[in-house]
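All values reported here derive from a predicted model rather than from experimental measurement.
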Amino acid sequence: MGRKLITVVTDCDLAGHVEGWPSVEALALKPVDREGLLAFYERYGFKTWRRELEAELGRSSSSPEAARPAGPARAQGDLFEPTAPAEPRTDLAREYDTISTWAQFEAWQAKLAAAPLVALDTETDSLDAMQARIVGISVAVEPGRAAYIPVAHDFPGAPDQLPLDEVLARLKPWLEDAQAAKVGQNIKYDLHVFANHGIAVQGYQHDTMLQSYVLEAHLKHSLESLAERHLGRKGLSYEELCGKGANQISFSQVDIERATTYSGEDSEMCLQVHQTLMPQIEAHAGLSHVYRAIEMDAVPVLMRMERTGVLIDSQRLAQQSQQLAERMLALEAEAYEVAGQPFNMASPKQIGEILFGKLGLPVKKKTASGAPSTDEEVLQELAADYPLPAKLLEHRSLAKLKGTYTDKLPGMINPRTGRVHTNYAQAVAVTGRLSSNDPNLQNIPIRTPEGRRVREAFVAPEGCRIVSADYSQIELRIMAHLSEDPGLLRAFEQGLDVHRATAAEVFGLEPEAVSSEQRRYAKTINFGLIYGMGAFGLAQSLGIDQKAAKNYIERYFDRFAGVKRYMEATKASAAELGYVETAFGRRLWLPEIRGGNGPRRAGAERQAINAPMQGTAADLIKLAMVAVQNALDAEQRASRMVMQVHDELVLEVPEAELDWAREAIPRLMAGVAQMRVPLLAEVGVGKNWDEAH
């Protein structure tokens, strides 16, 4: 059948005598119906073709879109829809110089010194910021006007280039001048690249990636996306330049003329995107504060933390890998015994055959193909009553721990520094949270003994200790601040155990009469409501029936009416505006709060409740990082921040500074914002990360 479907039919009767078939003559090409085509292009948004056709007809565009300036400011609530691409600027002459002589270099140096703002970009030989070396540098002083300095192109027949070391030596005073204003796209990467060459760049005032992140976190933030969305421009892509996959070449092998076009576009489009986005940020005090005081101020702190890295005990990890392997083998033997036969524990098909075919366990749900599902949720449910699913779950968790951390981390140690250097991505999570990758330090499981032991391998060097400082019950405190509920405010102001106080209210008891089980219920309710949990979710979490869970929620809202009012008001505001805000003014966009189907809209409503708390917590930890780093610099301390994980800062502190750290760090973290409830940070100290908890 496949062969038949792809075989070209050659015996169609086009003679015109079969009813419904056109004659061959009827298929002849006719003159273009330009007016009809113009209407078609207008209706369906074929802008480039429409402009070309209008030029042929000798008329200017009558489209209201064409008259719109690039990157307009949008009305409140509009950004929940993807932004329509702006009209390209056809009036902009583009001139990119290739700097190959010192005379050209000096002429451009004078331009840099005179420019009020310069876009700066590097071309390198690696995406690894800690390893990358410069191949070329581009600068732009105005839209359409840029220059590229090639310094390390090495393809056969490559022309002579200015020497890298001398170029950097001559640029260094300007690069390290804090008064020389600069803008870039993802400036943290370029800060690393210049640092690899011994230059500490100063004067970066703007980052277009972070501008986009603050304005429209739910959209893409690459320069290519920004240029297309806000300028109506599509430049030369990296794949067009270097190819892709196995045939991709290094940037150093790219022809210099094409490299000039590519890099010149990068810097001058960056400058133009900045000119488009920055007025929109400055139009809102909250967004301006988030951009300048939180995101931009965090960049150099994150860069320093990434360069510092964290010390890893690879020998301890090797021991843990061996122990995990032994336990996994034991689990396999136990699983085979329960199943009555060996099977592949990594094969969903074989697991399904054993669980539902041979053992006859109840099918909880099915996959898209109709097979019984063996995902984690199903196995968790079955594990409550049957031994084999529990063993499968434990085996999966140990395999993940071994593959992701105990086996992998030693291979990620930088041979030059002897440390592991993660990358903290700012412009990923829509809530404002940082994202850690290569390796991901935020996903190390801490609810199992094996997961906690991985933290033992994150150690302090000789003469130092690991200090962990994290915000206590931060999202509940934010809920109290945002909702202004008297009961929650009172509990935090008086320093009470908030879960015990909640249980006392919900169960109508004196706090001292609350049992540990009742406190656990209250804790689940407190955190569940933050995440928009309903009766069904609470019933599952507590292992009770849905009616009882509904009664608990109703009793909670009777006692904490301010929380209920806040949640309802937040959902209504989100539906009207398309976004919610953190306490500091960060906007968190909810694309499906309007127009999504029932379940998706309900999910967006849950996000509307949770996002301001997660986002405010993210803002607070970034402010805390900046405050702690400023204090370390001002007091010339030898202590260094080495990690940020969720609401926690991890530092490497010399023993002589431990007393200072125990007092100053929680004070600094608590003092970054004035809220309706006191912020509290708790500190732990140990030889390793686990011991510091």
Side-chain angles (χ1 to χ4, degrees), residues 128-131 192 302-330 394 397-424 434-470 625 628 632 637-658 661-662 665 682-693:
D128 183 343
M130 290 285 293
Q131 308 287 343
H192 276 299
L302 289 169
M303 180 263 188
R304 289 170 67 175
M305 192 161 62
E306 290 173 356
R307 289 195 82 74
T308 299
V310 62
L311 199 59
I312 298 289
D313 185 340
S314 55
Q315 189 173 354
R316 184 172 297 190
L317 285 174
Q319 293 170 352
Q320 291 179 9
S321 275
Q322 180 63 31
Q323 292 163 0
L324 290 172
E326 290 170 0
R327 176 58 185 151
M328 287 167 66
L329 282 172
E394 186 179 355
S397 70
L398 297 183
K400 184 176 181 181
L401 200 61
K402 186 175 184 296
T404 307
Y405 294 106
T406 61
D407 285 352
K408 193 174 180 182
L409 279 175
M412 302 185 79
I413 294 173
N414 186 307
R416 183 170 53 84
T417 65
R419 291 169 173 254
V420 165
H421 302 267
T422 189
N423 171 63
Y424 292 102
L434 293 171
S435 173
S436 166
N437 51 76
D438 297 326
N440 184 345
L441 302 180
Q442 297 180 336
N443 276 6
I444 300 175
I446 57 172
R447 294 184 180 178
T448 64
E450 294 83 5
R452 288 192 293 274
R453 275 200 292 273
V454 172
R455 289 188 170 196
E456 294 176 4
F458 291 74
V459 297
E462 193 68 32
C464 292
R465 289 290 183 269
I466 293 292
V467 170
S468 168
D470 70 337
M625 290 168 56
V628 170
L632 292 173
R637 297 282 174 183
S639 299
R640 302 187 294 180
M641 278 191 286
V642 293
M643 287 186 289
Q644 190 277 312
V645 180
H646 303 308
D647 303 315
E648 174 187 9
L649 294 182
V650 182
L651 295 90
E652 194 176 87
V653 178
E655 291 171 354
E657 294 183 4
L658 283 175
R662 286 189 177 99
I665 293 172
E682 299 172 332
V683 168
V685 178
K687 292 180 180 178
N688 59 59
W689 188 15
D690 185 58
E691 207 176 274
H693 275 263

With rounding to the nearest 0.5 Å, note down the distance linking CZ in R640 to SG in C464.
8.0 Å
Return the minimal non-hydrogen interatomic distance between G451 and L401, and the atom names on each side.
N-CD2, 3.7 Å
Is there a donor-acceptor pair under 3.5 Å between the side chain of R453 and the backbone N or O of Q320?
no
Quick one: pull up CG in L649 and CE in M625 and give me the separation to the nearest 0.5 Å.
6.5 Å
Result of checking E652, E655, E657 against R465 for salt bridge (Lys or Arg N to Asp or Glu O under 4.0 Å)
E655
Start with the C-alpha gap between N414 and Q131, add the side-chain angles, then the distance that decides, and say whether side chain to side chain contact (heavy atoms under 4.5 Å, CB included) holds.
CA-CA 9 Å; N414 186 307; Q131 308 287 343; 3.1 Å; yes
I need the M643 CE to T308 OG1 distance, nearest 0.5 Å.
12.0 Å
In this structure, CD1 of I413 is separated from CG of L317 (nearest 0.5 Å) by 7.5 Å
Would you please say whether a donor-acceptor pair under 3.5 Å links the side chains of Q442 and S436?
no
Can you find a heavy atom in the side chain of V310 that is under 4.5 Å from one in the side chain of V650?
no
Between atom CE of M305 and atom CG of L651, what is the distance when rounded to the nearest 0.5 Å?
9.5 Å
Which residues share a ring-ring contact (aromatic ring centres under 6.0 Å, His included) with F458, sequence neighbours left out:
W689
With sequence neighbours excluded, residues passing side-chain contact (heavy atoms from CB on, under 4.5 Å) with A330:
R327, E334
So, K402 and D407, do they make that salt bridge, N to O below 4.0 Å?
yes
Heavy atoms only: give me the nearest L311-G418 pair and the separation to one decimal.
CD1-O, 3.6 Å
Begin with the C-alpha distance, continue with both residues' side-chain angles, and end with the deciding distance and a verdict on side chain to side chain contact (heavy atoms under 4.5 Å, CB included) for M412 and I312.
CA-CA 10 Å; M412 302 185 79; I312 298 289; over 6 Å; no
Would you sort out whether R307 and M130 count as a side chain to side chain contact (heavy atoms under 4.5 Å, CB included), showing the intermediate values?
CA-CA 7 Å; R307 289 195 82 74; M130 290 285 293; 3.6 Å; yes
Do E691 and I466 touch side chain to side chain, with heavy atoms closer than 4.5 Å?
no
Before you tell me yes or no, could you show the steps for T404 and N443 under side chain to side chain contact (heavy atoms under 4.5 Å, CB included), namely the whole-Å CA-CA distance, both residues' side-chain angles and the distance that decides it to 0.1 Å?
CA-CA 10 Å; T404 307; N443 276 6; over 6 Å; no
Got a second to check how far R662's CZ is from E682's CD, nearest 0.5 Å?
14.5 Å
Can you see which heavy atom on T422 is nearest to which on N437, and at what distance?
OG1-O, 3.1 Å
With sequence neighbours excluded, residues passing side-chain hydrogen bond (donor to acceptor under 3.5 Å, both in side chains) with R637
E635
Can R455 and H693 be counted as having a side-chain donor-acceptor contact under 3.5 angstrom?
yes
Distance-only side-chain donor-acceptor flag, E326 / Q322, under 3.5 Å
yes
